[in-house]
Amino acid sequence: MILTTGAASTIPIAARVFNAMNRRMYAAATLSSAKSISAESLNPRPDSNFDSGAAIGTSESETRVSLRKKRLKQEDLEPVQQCSSRGINARKEMCGLPDIEESPYKKTNGSASSRTSKINSFIKSTEASTSIKTAGIPPENWKKVLEGIQKMKSSEEAPANAVECDRTGSFLPPKERRFYVLIGTLLSSQTKEHITGAAVERLHQNGLLTPEAIDKADESTIKELIYPVGFYTRKATNVKKVAKICLMKYDGDIPRTLEELLSLPGVGPKIAHLVLHVAWNDVQGICVDTHVHRICNRLGWVSKPGTKQKTLSPEETRVALQQWLPKEEWVAINFLLVGFGQTICTPLRPRCGTCSITELCPSAFKETPSTSSKLKKSIKSKKL
């Protein structure tokens, strides 16, 4: 009886163990089949008739999604790493020509070849804009506006005019005069005209306005003489470099092409065009500085191509202005608008009340504080 009972009791136990083993084997087989199906779905063969929409368990589809995400992340890493390694060069390629009058003396680590390519692209744009000449439609009453500004200039002489005449160096021999013009124009960037004139005069009195003299002089001496022009430390360095280049490459003279002038340290489009105008009597473009850029936009004379939006830089203004302004006006307009911008059409709070062309200016009184705002300020000051 005991054996019978023991045998009877061991049979169900053995059956349960056998069934458990079967369940484990079935689960392992199911898992391996799921993995093989997932691998096939991720890497289908061309001749495969496997239906991706077949009934597959939720865990299998989740496995495919996670594997696909992992693979996509790994693929995305390569272009991101390449972009990060090329980030500096990409930003350099996006930058325009180093123009010290707009971005004063920012350090550039670009190679000589990259700078040359930028200069060449600038030259092409300049040639294209000069070939267009008067292709644009001139704004209405532009001649009356210039006549009105000229009359105001005669009655209230701008401080720039006398200095500009002095910077031509007409009292010097031709070669020395051209170098005099180059150095004076280089120092004028980001500096008021009377300060520039005084600095040039100090260099002249100390016999430091020839390439030979500047090349031999100490940089510290030049720095002391040109102080307090804007960025005088960097300008002293550039003046020394320019003198060396003029001696080595041009026999003590200055470059006579736009491309060669732009290759000099510290020389941007504005300086290059002005030097060509004054030193070589070569008009290849309008010399546009911040005054000309500001006034032309206030008058509505320029806009971005195909739009009515204002130009965003002096270079854009130059290209837009050259499309309609007659070439015989290209030299005079700089000196005229610079003086006007320094005395009346100033950057902040333009003197529209004393301007004689307000009826022709679409921006008249728009940047001048109204009487209501003045009253509000006076009330606030009294409360304080």
What donor-acceptor contacts under 3.5 angstrom involve side-chain atoms of residues 203-211, with partners at least two apart or in another chain?
| from | atom 1 | to | atom 2 | distance (Å) |
| --- | --- | --- | --- | --- |
| Gln205 | NE2 | Glu201 | OE2 | 3.3 |
| Asn206 | ND2 | Arg202 | O | 2.7 |
| Thr210 | OG1 | Ala213 | N | 3.2 |

Which residues share a ring pair (Phe, Tyr, Trp, His ring centres under 6.0 Å) with Tyr250, sequence neighbours left out: none
Is the closest side-chain heavy-atom distance between [X] and [Y] below 4.5 Å?
{"X": "Leu146", "Y": "Phe340", "result": "no"}
{"X": "Val242", "Y": "Pro265", "result": "yes"}
{"X": "Leu337", "Y": "Cys345", "result": "no"}
{"X": "Cys296", "Y": "Leu321", "result": "yes"}
{"X": "Pro255", "Y": "Lys249", "result": "no"}
{"X": "Glu315", "Y": "Val288", "result": "no"}
{"X": "Pro269", "Y": "Arg318", "result": "no"}

Do side-chain atoms of [X] reach the backbone of [Y] as a donor and acceptor pair under 3.5 angstrom?
{"X": "Lys240", "Y": "Asp215", "value": "yes"}
{"X": "Trp330", "Y": "Gln284", "value": "no"}
{"X": "Asp218", "Y": "Ser220", "value": "no"}
{"X": "Asn334", "Y": "Val292", "value": "no"}
{"X": "Glu316", "Y": "Lys304", "value": "no"}
{"X": "Arg177", "Y": "Ala279", "value": "yes"}
{"X": "His273", "Y": "Leu258", "value": "no"}
{"X": "Lys235", "Y": "Leu187", "value": "yes"}
{"X": "Asn238", "Y": "Lys241", "value": "no"}
{"X": "Arg178", "Y": "Trp280", "value": "no"}

Can a side-chain donor-acceptor contact be found between Thr191 and Thr196 if the only test is distance below 3.5 angstrom? no
Checking side-chain polar atoms at under 3.5 Å, does Thr257 have a donor or acceptor matched by the opposite partner on Glu260? yes
Rounded distance (nearest 0.5 Å) linking atom [atom1] of [X] with atom [atom2] of [Y]:
{"X": "Ile271", "Y": "Leu264", "atom1": "CD1", "atom2": "CG", "result": "10.0 Å"}
{"X": "Lys310", "Y": "His293", "atom1": "NZ", "atom2": "NE2", "result": "9.0 Å"}
{"X": "Arg234", "Y": "Gln190", "atom1": "CZ", "atom2": "CD", "result": "13.5 Å"}
{"X": "Lys270", "Y": "Ser188", "atom1": "NZ", "atom2": "OG", "result": "4.5 Å"}
{"X": "Ile222", "Y": "Ile214", "atom1": "CD1", "atom2": "CD1", "result": "5.5 Å"}
{"X": "Glu193", "Y": "Ile195", "atom1": "CD", "atom2": "CD1", "result": "10.0 Å"}

Test Arg256 against Asp282 for salt bridge (Lys or Arg N to Asp or Glu O under 4.0 Å), laying out the working first. CA-CA 9 Å; Arg256 66 176 307 152; Asp282 184 5; over 6 Å; no
Kindly determine whether Ser356 and Lys151 satisfy side-chain contact (heavy atoms from CB on, under 4.5 Å), including the steps that lead there. CA-CA 9 Å; Ser356 62; Lys151 290 179 181 178; 5.8 Å; no
Which atom of [X] lies closest to which atom of [Y], heavy atoms considered:
{"X": "His291", "Y": "Val338", "result": "CB-CA, 4.0 Å"}
{"X": "Leu262", "Y": "Ala272", "result": "CD2-CB, 3.9 Å"}
{"X": "Ile286", "Y": "Gln322", "result": "N-OE1, 2.7 Å"}
{"X": "Thr311", "Y": "Ala320", "result": "CG2-CB, 4.4 Å"}
{"X": "Gly341", "Y": "Pro347", "result": "O-CD, 4.1 Å"}
{"X": "Leu360", "Y": "Pro362", "result": "O-CD, 3.7 Å"}

Is there a chain of hydrophobic side chains (I, L, V, M, F, W, Y, each step under 4.5 Å between heavy atoms) that links Ile183 to Tyr227? yes
Leu247-Phe179 co-clustered via ILVMFWY side chain contacts under 4.5 Å: no
Residues, nucleotides or ligands: over 12 heavy atoms within 6.0 Å of Glu328 CD: yes
I'd like to know whether NZ of Lys175 has more than 12 heavy-atom contacts from other residues, nucleotides or ligands below 6.0 angstrom. yes
Inspect the contact between Glu147 and Lys144 and indicate whether a charged nitrogen and a carboxylate oxygen are less than 4.0 angstrom apart. no
For the pair Phe335 and Leu274, evaluate side-chain contact (heavy atoms from CB on, under 4.5 Å) and give the outcome as yes or no after the intermediate values. CA-CA 10 Å; Phe335 298 103; Leu274 185 56; 4.1 Å; yes
Please step through side-chain contact (heavy atoms from CB on, under 4.5 Å) for the pair Tyr180 and Val200, ending with a clear verdict. CA-CA 8 Å; Tyr180 179 96; Val200 173; 3.7 Å; yes
